[in-house]
There are 2 protein chains.
Amino acid sequence: MIKPQLDIPLLTKQFNETLILAILVDGKKHGYQLALEIEEKSGGLFRFNHGTLYPILHRLEKEKLIRGAWKQEGPKRQRKYYTLTSAGKKYLAVHVAQWREFFTQFFNIAGVIEG
Amino acid sequence: MIKPQLDIPLLTKQFNETLILAILVDGKKHGYQLALEIEEKSGGLFRFNHGTLYPILHRLEKEKLIRGAWKQEGPKRQRKYYTLTSAGKKYLAVHVAQWREFFTQFFNIAGVIEG
DNA sequence: ATAGATATAAAGATCATCTATATATTTATT
DNA sequence: AATAAATATATAGATGATCTTTATATCTAT
């Protein structure tokens, strides 16, 4: 069995995707709202540039991990609300577990600095 | 006060650097040995391509976070051994703490999937 | 003598984010 | 009524760190 290489750019992509999917667990949200919630809930640590966020949302939608639907909000305003698909829930569960393992191994090595 | 943006490429760079510095805490090592230890200690999860590892070592050396010294090993073989500098130790402490906060916030959001 | 493992190095390709810009609506201010 | 600021989505192009590939050389086992 060939062990997969640590593909950091891929991991960071998955990190962002996991974060966005996780925020969508408790109901549908539009992009801007989603970015604000991630920032709030992380104490200001995680922030998405709009130029980063929207392409990721489009990618997730294309991969059918989320489903987007335009909704009339005011007399003219359109907002696109996203919901998790069942594939998205599955992806989320798998990747949260992977990240848990990832962090465990990291502190297994880097934890030596403290105590 | 302007909050810094989440700069993922920068974070992954710092992740790799932190991992390498952490492995050097318990004594000097040469590049190849360092890569093997990271792989072993992480249960095969973290692997560095050589084309990734050596540029990082050169960068860390240039930034004086590690110090490299060539050492005659066999009759002809040269190996470059790296040791942590005091600046490197400081960098390591700061970044391990940052990663701990990072992971805490991540699971604060993504932990909802379990339990 | 040869092959495979060990060891370091660097050039160029890849690819996801980041910066900057564009467009439009809603709300608050004057 | 006019203007500014906040809200909201979108995309093109620049950036930059890793990844792939290739080069070079030594040591060990067969």
Side-chain angles (χ1 to χ4, degrees), chain A residues 2-20 23 28-40 45-63 65-66 68-82 95, chain B residues 2-20 23 28-40 45-63 65-66 68-82 95:
Chain A
I2 297 168
K3 280 179 197 163
Q5 298 244 339
L6 176 65
D7 189 327
I8 285 279
L10 188 62
L11 276 173
T12 63
K13 181 186 161 194
Q14 290 171 359
F15 179 87
N16 284 343
E17 292 179 350
T18 305
L19 206 54
I20 287 171
I23 277 287
K28 62 183 168 190
K29 296 178 175 69
H30 61 84
Y32 194 81
Q33 177 186 6
L34 199 149
L36 288 180
E37 277 194 33
I38 287 177
E39 190 178 347
E40 280 168 28
L45 187 62
F46 303 145
R47 298 181 75 198
F48 283 97
N49 296 311
H50 293 172
T52 302
L53 176 66
Y54 291 106
I56 292 175
L57 288 174
H58 301 161
R59 190 174 66 218
L60 289 173
E61 193 180 6
K62 199 173 150 201
E63 290 165 357
L65 299 177
I66 59 177
W70 287 99
K71 210 179 161 188
Q72 198 95 2
E73 209 72 10
K76 281 188 181 182
R77 166 149 295 190
Q78 295 273 344
R79 280 179 178 134
K80 197 170 185 182
Y81 280 85
Y82 293 99
H95 283 266
Chain B
I2 297 168
K3 282 177 194 163
Q5 297 245 341
L6 175 66
D7 189 326
I8 285 279
L10 188 62
L11 275 175
T12 64
K13 182 186 162 196
Q14 289 171 358
F15 179 88
N16 284 343
E17 291 179 351
T18 305
L19 205 54
I20 288 171
I23 277 286
K28 62 183 168 191
K29 297 178 174 70
H30 60 84
Y32 194 82
Q33 177 185 7
L34 198 149
L36 289 180
E37 277 194 34
I38 287 177
E39 189 177 347
E40 281 167 26
L45 188 62
F46 303 144
R47 299 180 77 198
F48 282 98
N49 296 312
H50 292 173
T52 302
L53 177 65
Y54 291 106
I56 293 176
L57 288 173
H58 300 159
R59 190 173 66 217
L60 288 172
E61 193 180 5
K62 199 174 151 200
E63 290 164 0
L65 299 177
I66 59 177
W70 286 100
K71 210 178 160 189
Q72 197 96 3
E73 208 72 10
K76 283 190 179 180
R77 164 150 297 189
Q78 295 272 345
R79 278 181 180 132
K80 197 168 185 182
Y81 281 84
Y82 293 99
H95 282 266

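Below, chains carry the letters A, B, ... as their sequence lines are ordered, and counting in each starts from 1.
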| said: So if I take every side-chain heavy atom of A/Lys13 and compare against C/dT17, D/dT7, C/dA9, which nucleotide ends up nearest? | reply: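 From the listed options, C/dT17 comes nearest.
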| request: Kindly point out which of C/dT8, C/dT19, D/dT26 is positioned nearest to the side chain of B/Lys76? | output: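 Taking heavy atoms from C-beta onward, the closest nucleotide is D/dT26.
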Distance check: side-chain N/O of [X] vs OP1/OP2 of [N], anything under 4.0 Å?
| X | N | value |
| --- | --- | --- |
| A/Asn49 | C/dT17 | no |
| A/Arg77 | D/dA6 | no |
| B/Asn16 | D/dA17 | no |
| A/Arg59 | C/dT17 | yes |
| B/His50 | C/dA9 | no |
| A/Tyr54 | D/dA10 | no |
| A/His58 | D/dT11 | yes |

| Hey, what do you get for CD1 (A/Ile20) to CD1 (A/Ile56), rounding to the nearest 0.5 Å? |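 Here the interatomic distance stands at 4.5 Å.
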| request: Describe the nucleic acid contact of A/Gly31 in one word from base, sugar-phosphate, nothing, applying a heavy-atom distance below 4.0 Å. | output: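 Here A/Gly31 touches the backbone only, sparing every base.
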| task | Would you indicate what A/Pro55 reaches in the nucleic acid, counting non-hydrogen atoms under 4.0 angstrom: base, sugar-phosphate, or nothing? | result |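 Base, at least one base atom sits under 4.0 Å.
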Calculate the interatomic distance between [X] atom [atom1] and [N] atom [atom2]; express it in whole Å.
| X | N | atom1 | atom2 | answer |
| --- | --- | --- | --- | --- |
| A/Leu60 | D/dT9 | CG | P | 15 Å |
| A/Leu57 | D/dT9 | CG | C1' | 10 Å |
| B/Phe48 | C/dT6 | CZ | C1' | 19 Å |
| B/Ile56 | D/dA17 | CD1 | C1' | 8 Å |
| B/Lys62 | C/dA10 | NZ | C1' | 14 Å |
| A/His30 | C/dT25 | NE2 | C1' | 13 Å |
| A/Leu19 | C/dT17 | CG | P | 12 Å |
| B/Trp70 | C/dA9 | CH2 | P | 4 Å |

| query | Closer to the 5' end of DNA chain C via nearest nucleotide, is it B/Tyr81 or A/Glu17? | reply |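 First, find each residue's nearest nucleotide; the 5'-ward one identifies B/Tyr81.
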| said: Whether the side chain of B/Thr52 engages the backbone of B/Phe48 through a donor-acceptor N/O pair (distance < 3.5 Å, no angle test) should be reported. | reply: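 Not confirmed, B/Thr52 side chain does not pair with B/Phe48 backbone.
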| task | Spell out, as yes or no, whether a donor-acceptor pair under 3.5 Å connects the side chain of A/Lys71 to the backbone of A/Tyr81. | result |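 Checked: no pair found.
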| query | For B/Lys80, does the NZ atom sit with more than 12 other heavy atoms under 6.0 Å from it, leaving out its own atoms? | reply |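 Count over threshold, so yes.
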| request: Name the orientation class of the two ring planes belonging to B/Tyr32 and B/His30 (parallel below 30°, tilted from 30 to 60°, perpendicular beyond 60°). | output: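 Parallel, since the angle between the ring planes stays under 30°.
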